[in-house]
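Residue numbering restarts at 1 for every chain, and letters A, B, ... go by the order of the sequence lines. Computation of the quantities below employed the complete heavy-atom set of this structure, encompassing side-chain atoms and omitting hydrogens, waters and symmetry-equivalent molecules.
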Amino acid sequence: KNQVEQSPQSLIILEGKNCTLQCNYTVSPFSNLRWYKQDTGRGPVSLTIMTFSENTKSNGRYTATLDADTKQSSLHITASQLSDSASYICVVSSYSSASKIIFGSGTRLSIRP
Amino acid sequence: DAGITQSPRYKITETGRQVTLMCHQTWSHSYMFWYRQDLGHGLRLIYYSAAADITDKGEVPDGYVVSRSKTENFPLTLESATRSQTSVYFCASSGGYSYNEQFFGPGTRLTVL
């Protein structure tokens with residue numbers, strides 16, 4: 001069964017600290033993996049996308065990694081800011097069908113001043 | 001304004017009533033999607049459309065009907081609402097189904113009493 005599992009479910013850190021969110025998947029055949037940020041009460045917004053051949057991609061203070069062999073990805077946030085408080089969703093796509101876009105349940109990140 | 005919009009933003013209805021959620025995008029994206037988001041679950045695909053007059057089921061289509069007579073509109077209808085359909089509904093559009101980023105609307109919070 002195609003699945004995307006994220007950990008931790010929730011995380012609280014102090015402003016200025018770094019953190020890493022995890023994503024494990026079993027989607028096959030794999031096409032790409034995308035991280036979305038979802039602010040409370042809003043739709044998700046894409047942060048990064050990675051294909052099979054890419055193992056690191058950055059977007060400002062956000063750095064995503066992908067290990068296609070172990071089917072794991074991480075999202076590292078550097079020097080966190082209060083505006084980083086949101087849910088972060090890992091999404092894995094299979095190239096076989098538009099219905100094979102699997103969303104993880106997300107990690108809810110809270111940044112404390 | 002350019003973008004993707006949903007209406008209404010909030011809706012309360014009663015069991016057994018028909019409800020239609022509207023989605024409109026101005027990018028002329030070929031693909032459009034409907035998701036529901038519930039606590040403890042990731043976004044789950046209800047229906048998607050690859051082009052006008054082409055629709056297909058996602059993971060949780062039962063109890064929902066869609067149509068797409070124009071590229072820019074993708075309404076979702078609950079023919080006879082049930083309490084289990086209480087959820088937040090997101091519409092998204094994309095230039096493609098896999099690699100292309102999905103752009104999400106602001107969501108519709110639906111409560112079925």
Solution key, residues 70-82 of chain B side-chain donor-acceptor pairs under 3.5 Å, sequence neighbours excluded:
| residue | atom | partner | partner atom | Å |
| --- | --- | --- | --- | --- |
| N73(B) | OD1 | H24(B) | ND1 | 2.7 |
| T77(B) | OG1 | T20(B) | OG1 | 3.0 |
| T82(B) | OG1 | S84(B) | OG | 3.0 |

Crowding at [atom1], [X] (>12 non-hydrogen neighbours, <6.0 Å):
{"X": "R44(B)", "atom1": "CZ", "value": "yes"}
{"X": "I12(B)", "atom1": "CD1", "value": "no"}
{"X": "R42(A)", "atom1": "CZ", "value": "no"}
{"X": "Q81(A)", "atom1": "CD", "value": "yes"}
{"X": "L39(B)", "atom1": "CG", "value": "no"}

Pairwise side-chain contact, [X] with [Y], heavy-atom cut-off 4.5 Å (strictly under):
{"X": "Q38(A)", "Y": "F90(B)", "value": "yes"}
{"X": "F103(B)", "Y": "V45(A)", "value": "no"}
{"X": "Q102(B)", "Y": "Y36(A)", "value": "yes"}

Problem set entry | Nearest heavy-atom neighbours spanning E101(B) and R34(A) | N-NH2, 3.1 Å
Exercise. Taking all atoms of both residues into account, what is the closest heavy-atom pair of G42(B) and S105(A), and its distance?
Worked result: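 Where G42(B) meets S105(A) most closely, the heavy atoms are N-OG, 3.6 Å.
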Problem set entry | Pair I101(A)-E59(B), side-chain contact (heavy atoms from CB on, under 4.5 Å): steps then yes or no | CA-CA 10 Å; I101(A) 301 173; E59(B) 179 186 357; over 6 Å; no
Exercise. Given that the side chain runs from C-beta out, which part of R9(B) has a heavy atom under 4.5 Å from chain A: side chain, backbone, both or neither?
Worked result: side chain
Exercise. Does any heavy atom of chain B fall under 4.5 Å from the side chain of T51(A), the backbone, both, or neither of them?
Worked result: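 Contact with chain B: side chain only.
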Exercise. Which region of Q9(A), side chain (C-beta onward) or backbone (N, CA, C, O), has a non-hydrogen atom less than 4.5 Å from a non-hydrogen atom of chain B, or is it both or neither?
Worked result: neither
Problem set entry | Pairs touching residues 11-20 of chain A that satisfy side-chain hydrogen bond (donor to acceptor under 3.5 Å, both in side chains), sequence neighbours left out |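 As it turns out, the side-chain hydrogen bond (donor to acceptor under 3.5 Å, both in side chains) pairs with a partner in residues 11-20 of chain A, which skip direct neighbours, are T20(A)-H76(A).
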